[in-house]
Structures are given as structure tokens and as C-alpha cells.
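Working notes, beginning with the structure itself.
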Amino acid sequence: MSSSPARYWRELGARYRLEASKCTICGAVYYPPVTPCLGMCQACRRKSIGKMKTIRLPRRGKIVSYTIVRDMAPPDFKTPYAIALIDLGEKTILGRLTDCNLDELHIGMEVEAVGPRRLGEQGKDKSGIIKYSMMFRPISTEKEVEVKLKKLKD
Amino acid sequence: MSEPGVAIIGVGMTKIKEHWDKSIVHLLVESGLEAMDDASQKEEIHAENIDIGFLGIAYAGSVLNQRHIGPMLAEQVGLASARAYHIPVVRVESADASGGFAFFQAYLAIKSGEYKIAVVSGVEKLSDYQGITYITSSSLDREYEASLGGTPHAMAALITRRHMHEFNTTREQLALIAVKNHENGFYNPKAQFRKKISIEDVLDSEMISDPLRTYDFAPETSDGAATVILADSRLAKKYTDDPIYVLACAGASDSLALHNRKNFVELKSVVQAAKNVYKKANITPRKVDFVEAHDFATIYEILAYEDLGFVKKGKGGKAIEEELTTLKGEIPFNPSGGLKARGHPVGATGVAQIVESVLQLRGKADGRQVKGAKIGLTENIGGTGATAVISLLCNGDAL
Ligand SMILES: [Zn+2]
């Protein structure tokens with residue numbers, strides 16, 4: 001099944017730049033962003049029309065939960081891969097993890113956005129749109145680097 | 001308690017399995033005829049006695065590339081003919097909760113007084129499609145979950161890991177859910193899997209989405225149909241001496257995407273719908289004798305213990321460990337075998353839960369009978385809990 005390029009194109013801000021909407025009345029943050037002119041805050045509703053500001057989410061966050069998909073992935077997805085709920089401070093989003101050792105993932109792990117990286121091609125013959133998305137990779141803390149170096153030395 | 005306005009007078013269900021030789025209509029007709037026979041204990045019920053139909057289907061449109069399945073069914077069973085007044089058949093889609101929502105609509109149709117007898121069916125035929133995950137992932141947010149590789153299995157795994165982290169729920173406790181439901185399913189002649197399993201079987205099964213394994217999930221491919229006939233209570237006794245009453249039925253919603261919720265270890269849609277049915281029926285969870293819950297993944301049954309109010313948040317793992325929910329426990333969960341062992345023909349599941357509850361409340365559930373059951377609860381959720389629909393049923397002894 002193929003979607004039109006337009007469906008993909010209108011999501012680029014959220015996918016490539018982590019754009020979100022912030023309600024200037026109550027401060028709630030929405031990802032993906034709401035439509036700029038007509039979008040509403042789910043709490044403030046009608047009052048918030050025209051008062052939603054497009055922001056960019058922080059690029060660093062912490063893993064809230066994660067899973068490594070090893071089987072039953074949709075076609076076009078090469079297993080294993082990892083996805084995680086990532087707390088970016090203002091908002092928790094679902095992100096694809098990359099450049100990581102799957103065995104080292106843990107709740108609380110610090111990650112940062114990289115990309116946009118290639119997610120895959122649409123369609124069985126891969127003739128469709130090539131999809132990209134921001135992904136997340138672990139930030140090695142000083143302590144973790146130390147442990148790794150020690151392992152290498154041993 | 002006064003007599004509730006809506007009663008169930010007949011139920012029917014196909015065996016759940018991979019029905020290679022049967023089409024979707026074939027399955028519907030089979031369950032429908034069984035329900036009609038079941039509703040004809042005192043006086044034969046005919047197509048022209050039925051005023052409206054509801055059909056719960058989630059994925060058939062994509063699997064078969066066929067929409068407009070309402071009239072397709074109506075025609076085959078003679079509801080679309082002049083003799084049966086060309087009655088309307090409304091198709092309902094709410095992902096995994098399609099069957100439960102179709103039942104909800106039928107309940108409202110009778111409750112409103114507009115109709116006297118309604119038929120509700122649920123059906124799915126997943127074996128007609130290969131690589132079903134792409135389609136079942138449409139129960140999630142396509143753009144911000146499924147497109148990143150989120151699957152129903154992966155999302156359940158995210159909830160599981162969080163529950164394990166916050167409440168020390170163990171891998172073994174999760175496995176016990178599957179073991180219990182296979183134990184119950186062994187006694188259900190219509191279950192897809194009639195095989196008892198051990199904790200080791202679960203823990204040694206293939207990893208699907210870390211930390212959940214094959215045996216943590218309902219089967220990937222289930223075909224089947226279930227049908228229930230509802231009637232105005234004042235009319236029910238004309239057809240049966242043993243009507244089962246709908247005490248209350250309520251649905252609720254939550255954000256489609258998991259990441260838009262305040263916490264990831266509670267299904268607010270279930271909490272809300274449960275609150276509504278308990279209030280409408282004026283009972284507490286203590287009054288409930290058994291539950292047919294939506295155990296698409298083992299974690300969802302643990303969440304159900306908590307979100308339906310049987311144990312405190314975080315104590316779900318302990319509840320299964322202490323055998324609170326086994327067939328002989330304080331509050332048996334999934335006597336039918338649940339989605340895990342009965343199978344999960346998506347659109348049929350919510351109706352199949354009602355069918356099982358009716359058999360339990362009539363005392364006709366054989367080897368899996370919950371002794372002295374008077375009130376039963378069904379919990380049917382869609383996706384990761386973006387929708388939930390809950391029904392409370394009772395027999396005459398509860399009134
Ligand atoms: Zn607001």
C-alpha cells in the first residue's frame with residue numbers, strides 16, 4: 001500500500017525537526033504539532049485557537065521504557081531494532097533508537113536525537129517514498145566511557 | 001435490583017482456528033444460525049422478528065479488500081429481503097474492541113426503546129492475509145508509532161517493561177497469566193488452543209518484543225465469528241426461560257498514541273468505563289463473580305486486575321501469583337481461555353466474551369464453569385487501550 005507524498009510531506013516538521021506545539025495559555029505541549037492556524041490545546045480548547053506556538057523539542061532525553069523488536073515486525077522492517085518512550089523534558093515521545101548496543105539499553109539511559117535517518121522505503125518493490133525520521137542514540141556518560149575503556153584494557 | 005431493560009436471548013459462536021475452508025460470510029452465518037437456534041427454546045425466532053443488526057469487524061476491509069460488509073451479511077441470512085423488511089446492518093470498527101462496541105450499539109438500540117430485537121455479530125478472518133502485522137498495526141498511531149516500527153506487540157512490551165520497573169512485576173508472574181488461560185482454554189471446545197502449558201514453555205518460547213515472548217500473546221492468526229441476540233426484557237421470556245440481563249454497558253476513549261498519556265502503566269479508558277458501569281449498575285467490583293478480560297498480551301490482564309478495581313495499582317503481578325484469578329480463585333479471569341487460548345479473531349473477540357459470559361451465567365460452561373456465577377464482566381480494549389468497552393451481565397438469580 002502506498003500513501004501519497006503529501007501525507008508524508010506534511011509531517012516533515014515533526015519528523016525531521018522534532019517540532020511540537022505549545023499552548024501559550026496553559027503550557028501543555030503536543031507532538032506532533034497541531035495545525036498552526038486552527039489547532040487547539042486539548043485542555044483550553046476554543047480559547048487556545050491562534051495561541052498555539054510551534055516549538056522544537058529538546059534533542060536530549062531519557063529512556064522511560066524500551067523494547068527490542070525481534071519478530072512480528074511489519075514487512076520492510078529489518079529485525080532486530082529498538083524503539084523507546086523518550087522523556088524529552090517537555091514531552092515524552094516514541095522514538096526509534098540507533099547506533100546503540102541493544103544489550104546496554106536501560107530505563108533512565110540518556111539519549112540524543114540524530115538525523116534525520118533513513119527509516120525505509122515504501123512499497124514491496126521499494127519504489128515509493130523513502131522515509132526518514134529523527135532517531136535517538138545513547139549519550140555515553142563519562143562513567144560509562146570509563147567502564148568501556150576498562151573493559152577494552154582488560 | 002429491578003429487571004434491567006435489555007436481555008440476551010441467544011448466543012452462537014464458531015470454533016476459533018484458522019478456517020482455511022470458510023469465507024467470512026460462511027463464519028458469520030454459522031455463528032448466526034447457532035444463535036437463532038439458541039434463541040428459539042420456547043418459540044422459534046425468525047429473521048422477520050429482528051429489527052436491526054450490528055457487525056463488529058476490524059481488519060476485514062484491508063484483509064479482503066472488501067468494505068460494505070453489512071449488506072453482504074444481511075443478504076446471506078435473509079435480513080436484506082422484503083420479508084425481513086430490509087433491516088439496517090451497521091458495521092462498527094474500533095480495532096480490537098470492534099465486537100464490544102458493536103454489542104454496545106445493539107444494547108443502546110434496545111435500551112432506547114427504538115427497537116425490540118437486535119442481532120450483533122463480530123467476525124474476523126486473519127488467515128486470508130500474509131504478514132498481518134502491517135494491518136494490525138493500524139490500531140496504533142500510523143504516523144508516530146507504526147511508521148517507526150511500533151507494533152501491537154512492541155507497544156505491549158513498552159508497557160510491560162515500565163510495569164516491571166515501577167512495581168517489580170516479574171517475568172514469571174506474566175508467564176502465569178498465559179499458563180492459567182491455557183489451563184482454562186483446555187476445557188473450552190471452541191478455543192483455538194486446547195493445550196496446557198508450563199511456565200517454562202512461556203519463558204522458553206521465542207522472543208517477539210523484549211521482554212515479551214510468543215506465549216505472552218494471543219495467536220497471530222485467528223478466524224472466527226460470534227453472534228448475540230438481544231431483546232427488550234419484556235419480550236425475552238417469550239423466547240427463553242433463562243434470559244441473561246445486561247446490567248450496564250459503557251465505552252471510553254484515551255489518546256491513540258501511547259506516548260501522549262500521563263502514565264504508561266494504567267489504561268484510563270478502562271478505569272473510566274469501569275467506573276461508569278459500576279455506577280450505572282450500582283455495584284462494586286466485589287459483586288462480580290468472573291471477568292472475561294482482553295489479554296492480547298499477558299500484561300493487559302495484569303492491568304485489568306488493577307484498572308477494573310480488583311487490586312490496587314501495582315499489585316496485579318501478586319494477584320496472579322496468589323492464584324486470585326484462577327478458575328477456583330476469588331475472582332476468576334478468562335474462564336474461556338481468554339484471547340490467549342480461545343484465540344483473537346479481532347472483531348469477534350468482544351462478542352465472544354459476551355457469548356462466554358452468557359454460558360457461564362446459565363451454568364452451562366462445563367469443565368470451566370465458575371461455580372454459582374451470577375454477575376460477569378467483559379473488558380474489550382482497542383490498540384493499547386485508546387478505546388475500552390465494558391459490559392456487566394447477570395442472570396435472574398442476581399435480581
Ligand atoms: Zn492549554
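Letters A, B, ... are given to chains in the order of the sequence lines, protein chains preceding strands, and every chain is numbered from 1.
Considering OG1 of A:Thr79 and CE of B:Met207, their distance stands at 13.0 Å, rounded to 0.5 Å. In this structure, NZ in B:Lys262 is found 9.5 Å from OG1 in A:Thr92, a value given to the nearest 0.5 Å. Summarising the geometry, atom CG belonging to B:Leu212 is positioned 7.0 Å from atom OG1 belonging to A:Thr67; distances are rounded to the nearest 0.5 Å. Taken to the nearest 0.5 Å, the CD atom of A:Glu11 stands 8.5 Å off from the OG atom of B:Ser147. Distance check: B:Phe264 CZ to A:Leu85 CG gives 5.0 Å after rounding to the nearest 0.5 Å. Residue A:Asp71 holds its CG atom at 12.0 Å from CZ of B:Arg213, rounded to the nearest 0.5 Å.
Proximity to chain A (any heavy atom under 4.5 Å) is restricted, for B:Met155, to the side chain, taken from C-beta onward. For A:Ala82, no part lies under 4.5 angstrom from a heavy atom of chain B. For chain B, the nearby part of A:Ser133 is the side chain; its heavy atoms alone come within less than 4.5 Å. At a 4.5 Å heavy-atom cutoff, the contact between B:Asn260 and chain A is made by backbone and side-chain atoms alike. Looking at B:Ala257, neither its backbone nor its side chain comes within 4.5 Å of chain A, counting heavy atoms on both sides. For A:Leu119, the part sitting under 4.5 Å from any heavy atom of chain B is the side chain, from C-beta outward, and nothing else. If you measure heavy-atom distances from A:Ile107 to chain B, the contacts under 4.5 Å come from the side chain alone. No part of A:Tyr30 comes within reach of chain B, as not one of its non-hydrogen atoms sits under 4.5 angstrom from that chain.
Distance alone, capped at 3.5 Å, places no donor-acceptor pair between the A:Lys131 side chain and the B:Leu148 backbone. For the pair A:Arg70 (side chain) and B:Glu206 (backbone), a donor-acceptor distance under 3.5 Å is absent. Side chain of B:Tyr134 to main chain of A:Pro75: no donor-acceptor pair is present (N/O by atom type, distance under 3.5 Å, no hydrogens or angles).
Scanning both residues, B:Tyr144 and A:Pro32, for their nearest heavy atoms gives CE1-CG, 3.4 Å. Looking at every heavy atom in both residues, A:Ile83 comes nearest to B:Ala154 through CD1-CB, 3.9 Å. The nearest pair of heavy atoms linking A:Val69 to B:Ser209 is CG2-OG, 3.5 Å.
A:Lys51 NZ: 12 or fewer foreign heavy atoms inside a 6.0 Å radius. Residue-environment remark: CG (A:Asn101) exceeds the threshold of 12 foreign heavy atoms within 6.0 Å.
Seen from the ring of A:Tyr66, B:Arg162 does not count as a face-on cation partner, given the 6.0 Å and 45° thresholds.
Under the rule for a salt bridge (charged side-chain N to carboxylate O under 4.0 Å, His left out), the partners of B:Lys125 that lie at least two apart in sequence or sit in another chain are B:Asp128, B:Asp223.
Heavy-atom pairs under 4.5 Å with chain B were tallied for A:Lys91, A:Met72, A:Arg96; the largest tally goes to A:Met72.
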Identify every side-chain donor-acceptor pair in residues 52-65 of chain A under 3.5 Å, counting partners at least two apart or on other chains, and give the distances.
| unit_1 | atom_1 | unit_2 | atom_2 | d |
| --- | --- | --- | --- | --- |
| A:Arg59 | NH2 | A:Ala113 | O | 3.4 |
| A:Ser65 | OG | B:Leu158 | O | 2.7 |

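Residues B:Thr151 and A:Pro74 have side chains in contact (heavy-atom distance under 4.5 Å, counting atoms from C-beta outward).
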